[in-house]
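Read the numbers this way: they start at 1 and go in the same order the structure lists the ligands and their atoms.
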Amino acid sequence: MKLTIVGTGYVGLVTGVGFANLGNDVICLDVDRGKIAMLESGELPIYEPGLSEIFERNVAAGRLKFTTDVMQAIDDGEIIFICVGTPPGTSQAADLTAVEETAAAIGRYIKGYKVIVNKSTVPVGTAEKVRAVIRQHQQNDVPFDVVSNPEFLREGAAVKDFENPDRIILGTDSKRSEEIMTSLYRALARTGRPIMITDIKSAEIIKYASNAMLATRISFMNQLAHLCEATGADIQSVSKGIGLDGRIGSRFLHAGLGYGGSCFPKDVKALIATLKEFGCEADLLEAVDRVNEQQKFLAIEKLEKTLSIQNSTVAIWGLSFKPKTDDIREAPAIKIIEALQEKGANIHAYDPVAIPNAKKFLKEVRYFSNPYEAIRDCDALIVATEWDEFRNLDMRAVKVLLKRPILIDGRNVYDSGEMREQGFTYLGIGR
Ligand code: NAD
């Protein structure tokens, strides 16, 4: 099939590369000329495990192209995937400017029947809005359908998730678009994963509901972590004990410094805004959001119990919002660093891949290409992201290199007993 992907961020690029790898002809459009130039010269603008290999293979096979030419891109695809960003607007609701711009461009250049797919995370009712904007700008009176196909990939495992999704949600209101989308996704459904066909509005809500549910589990555990600390219980044991209940399951029950990234924080806030817009109570999700906002600063509260932050030097391991990604959007580490700097601390930082992105936002941080170098002569170490490589480091060397053996384990990576035995002043979360 001929596909057009609008937006070459984490979602658009992985979707484009993934569909090309299934044999489709894909053209990816972006307004960011720098990104398109990079992609055309064979470079990836993001880090995502496994992406570069299939990117190179499909570019070489001529199935994957990149452009900034809107007219050509819209004309090319039988299916047009909208994968542009939907950041939080001033009122916390999703800012749909890029989605509406894309819809207007589709309206201007559409010359024959096409399926327009909302893959960006958008509030309920957006498909109708997209349809209206396309109609408003249409020069040629041709039919089209709008489909909601929310994306559930996880950064750091995006290629794997594209190839092996838990489910494919298709919100449609026409048989024609349903058949086209089902035939496109048939290749993935062969893995035994269900394609669920539903109405458009339910599909739009499913995406927000999924992220809000996962965020709720995290905030739930983070709130319980405070009770564990106050009583001497261990949140890791509590988490395991709850997770063994088949009705609950063990995933997304880890206490830590809170969730970050480009999705959970903004999607929880946007769902709160939508609930309120429709006159519904949003207090449960408001609490989820509030708990999360406070949780990031727990690392600083803990540090303040052990040293005076003014003029201290603090090492941070992990800058990305989670392991295996270079994405630092809403990363707790970034907020922690800014707050520590405000309190007068000097910062040393190490991350396996996110340093180039962090450099664009943070000032006066000393970056290191090795975790041991980053901690030399520091007063404390905060582990902000649970990269695998932090798990088996030589902690005796870590203790020697630190000026003071203060270890704030914001992701409960280490065994608390062992760390204390080794002489660390160890402070985890909820233990
Ligand atoms: P991103 O910011 O990485 O990428 C968005 C891209 O769209 C950018 O390259 C930008 O230049 C481009 N763009 C903006 N306006 C455009 C326009 N008018 N025409 C063409 N290109 C345009 O965003 P992302 O992380 O890929 O997320 C995209 C959407 O998918 C969002 O709605 C997000 O909530 C959702 N989503 C993201 C993830 C994730 O893990 N990142 C997962 C599921 C869903």
Donor-acceptor contact present, side-chain Thr325 to main-chain Gly156, <3.5 Å: no

Residues Arg131 and Glu128 bridged, charged N to O under 4.0 Å: no

Protein residues that have a heavy atom under 4.0 Å from any atom of ligand 1, sorted by chain and number: Val6, Gly7, Thr8, Gly9, Tyr10, Val11, Asp30, Val31, Asp32, Lys35, Cys83, Val84, Gly85, Thr86, Ala98, Glu101, Thr102, Ser120, Thr121, Glu151, Leu153, Glu155, Lys207, Ser262, Cys263, Lys266, Arg329

Glu151 side chain vs Leu153 backbone, donor-acceptor pair below 3.5 Å: yes

Ion pair Lys201/Asp199, N-O distance below 4.0 Å: no

Salt bridge (Lys or Arg N to Asp or Glu O under 4.0 Å) contacts touching residues 70-90 (sequence neighbours left out): Asp75-Lys111

Arg33 CZ: over 12 foreign heavy atoms closer than 6.0 Å: no

